[in-house]
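Reviewing the structure listed below.
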Amino acid sequence: MAGHFRSAKAPTAFPKLPQYSEFMTPCRFEGEIQNLAHRGQIPDEIDGTFYRVMPDPQFPPFVDNDPWFNGDGNISAFRIRDGRCHFKQRYVRTEKFVREREVKRALIGKYRNKFTDAVEFKVRSTANTNVLYFNGRLLACKEDSPPYALDPETLETIGLETFDGQLPCVTFTAHPKLDDETKELVCFGYEAKGDGTPDVCYFSIDPSGKFTETVWLVAPVVAMIHDFAVTKNWVIFPIIPQTCDLERMKQGGEHWQWDPDVPFYVGVLPRRGASGSDVRWFRAPNAFPGHTVNAYEDDAGHIVFDLPLTDKNVFFWWPDAQGNAPKPEEIAAKLVRYKFDPRSSELDLPPYELLADADCEFPRIDDRFSGQKHTRAFFNLMDPALGSDFSTIMPRMGGGHPPYNSIGYLDYHSMEVKKYFPGRTHLVQEPVFVPRKGPDVGESDGWMILLVNNYASMISELHIVDTRDFGQPQAVIELPIRLRAGLHGNWVDSQDLQLSK
């Protein structure tokens with residue numbers, strides 16, 4: 001029953017914990033800033049908006065040691081045009097946000113545990129994990145609920161997005177995939193019938209917003225499926241061995257608990273005309289799959305699937321049943337490739353191929369090649385040999401989010417990893433790719449745009465890096481404020497925005 005674990009008195013200050021301190025101090029800024037100062041030259045060819053979202057709690061939590069990504073979704077928009085950059089930021093008006101603002105205190109309890117809330121919510125979303133553009137609207141996503149729709153120009157919240165009542169399940173992935181050829185949005189929800197349910201619902205939405213595929217299937221374990229991958233003919237669901245138990249939640253426990261005995265499952269479902277019985281659950285030794293790079297089919301019809309992978313529990317704040325968890329400095333994901341026959345009777349995945357022996361995450365590709373063969377990838381990288389000034393960074397960093405000091409750029413032909421290192425007192429957030437203009441622009445020919453934390457100045461910077469000259473920034477846009485660590489974001493070209501109107 002909601003409210004059983006409620007706090008008797010609402011806290012008036014954020015706790016003195018790493019996830020609320022230093023650079024991770026909640027930002028809580030709404031507004032706009034025109035003509036941001038910048039160094040270098042912003043290319044005139046870049047014309048669009050970089051949208052990103054950060055968990056940014058408006059009120060102190062009333063639960064102990066709340067994880068950093070349980071905060072309210074705060075959307076940033078960097079509008080770049082004519083060599084200038086304008087900034088706008090606004091919270092998503094979720095049910096949670098509006099009701100807490102009315103009473104001026106936190107009402108939500110533990111991460112994804114409704115039994116610890118101070119009140120009962122119809123939709124518990126924080127809308128804080130990803131923001132993307134589809135069919136004329138921004139979608140602010142959190143994987144435990146439907147997305148919230150926003151106006152892409154004003155960032156005003158339109159309301160909960162159910163796609164005119166077509167959404168078949170109660171959850172919606174934070175990582176839908178846009179097919180560049182068909183312009184379909186390919187999606188799924190896990191725990192799709194509610195907390196603790198093993199059900200997964202796969203669905204596809206055409207450019208007009210009509211649902212064209214809906215398939216219900218059952219996972220082998222109730223566990224996290226944060227990201228997924230799509231090819232021309234297949235949908236791939238990698239399961240993270242963070243498992244859910246409804247009875248544990250009812251007792252005030254965590255939604256997630258690491259299970260070292262659960263294999264790394266990879267579900268494979270035909271993308272068209274499938275039923276739930278068509279899914280096949282391949283398996284590999286226990287591991288934590290990171291965000292997916294991409295997947296495609298080779299000439300033999302085998303699936304080629306790239307992603308960061310580690311044998312450690314990345315979400316160390318949710319340990320196993322015995323309380324075991326790795327130290328953050330022990331966790332490092334390597335970039336790997338699985339190649340397998342989706343029709344094989346052998347369900348044990350073959351050993352992976354190591355693509356990059358580097359501590360990496362938040363991979364991105366040129367989105368025009370999503371589901372097709374890619375030959376380049378970008379990712380956040382931690383390389384201590386680059387010369388970061390950790391004596392300055394570490395005391396000011398705050399806690400919870402993983403530190404990455406550079407961007408890696410992998411060329412699959414040479415297997416060379418180029419690196420963009422923004423500075424000795426800087427850490428990077430997730431990059432996005434912006435292609436050059438023109439019908440014949442090659443793969444990954446354009447610019448990387450990324451938010452960078454400057455721990456010397458304690459403010460944020462937006463860096464623009466030409467992929468033809470990856471060592472130096474073409475422009476550094478300086479914000480007069482500090483934006484705490486975000487999760488995900490996307491680039492939207494102005495031409496795409498205009499075509500939707």
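On a predicted model such as this, the values are computed, not experimentally measured, just so you know.
Using bins of under 30°, 30° to 60° and over 60° for the plane-to-plane angle, the ring pair F237/F228 lands in the parallel bin. W258 and F288 have parallel rings, their planes meeting at less than 30° on a 0 to 90° scale where 60° marks the start of perpendicular.
Geometrically, R105 engages F62 in a cation-pi contact, judged by NZ or CZ lying under 6.0 Å from the ring centre and within 45° of the ring axis. In this structure, R376 fails the cation-pi test against Y409, since its NZ or CZ atom is not both closer than 6.0 Å to the six-membered ring centre and inside 45 degrees of the ring normal.
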Give the C-alpha distance, both sets of side-chain angles, the deciding distance and a yes or no for side chain to side chain contact (heavy atoms under 4.5 Å, CB included) between R124 and D117. CA-CA 10 Å; R124 200 176 180 269; D117 293 345; 2.7 Å; yes
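Proximity of C141 to F172: side-chain heavy atoms (C-beta onward) are separated by under 4.5 Å at one or more points. Looking at heavy atoms from C-beta onward, V492 lies in side-chain contact with Y51 at the 4.5 angstrom threshold. At least one side-chain heavy atom of Y202 sits under 4.5 Å from a side-chain heavy atom of L269.
Taking 4.0 Å as the cut-off between side-chain N and carboxylate O, E430 and R364 count as a salt-bridged pair. For K250 and D195, the salt-bridge test fails: no basic side-chain N is under 4.0 Å from an acidic carboxylate O. Of the charged side-chain nitrogens involved, at least one lies within less than 4.0 Å of a carboxylate oxygen, so that R112 and E143 count as a salt-bridged pair. Classification of R368 and D180 as a salt-bridged pair fails, no side-chain N sitting under 4.0 Å from a carboxylate O. Between K142 and E161 there is no salt bridge, since none of the side-chain N atoms of the basic residue sits less than 4.0 Å from a carboxylate O of the acidic one.
The closest donor-acceptor contact from the side chain of N35 to the backbone of R84 lies at 3.5 Å or more, if one exists at all. A donor-acceptor pair is defined here as one N or O able to donate and one able to accept, closer than 3.5 Å; no such pair exists between the side chain of E478 and the backbone of L36.
Of all the heavy atoms in Y91 and E30, the pair that sits closest is N-OE2, 2.8 Å.
Among R93, R90, K96, the one residue that satisfies the salt bridge (charged side-chain N to carboxylate O under 4.0 Å, His left out) test with D72 is K96. The side chain to side chain contact (heavy atoms under 4.5 Å, CB included) test with E95 is passed by exactly one of V123, L160, L107: V123.
More than 12 heavy-atom neighbours from other residues, nucleotides or ligands sit within 6.0 angstrom of NZ on K437.
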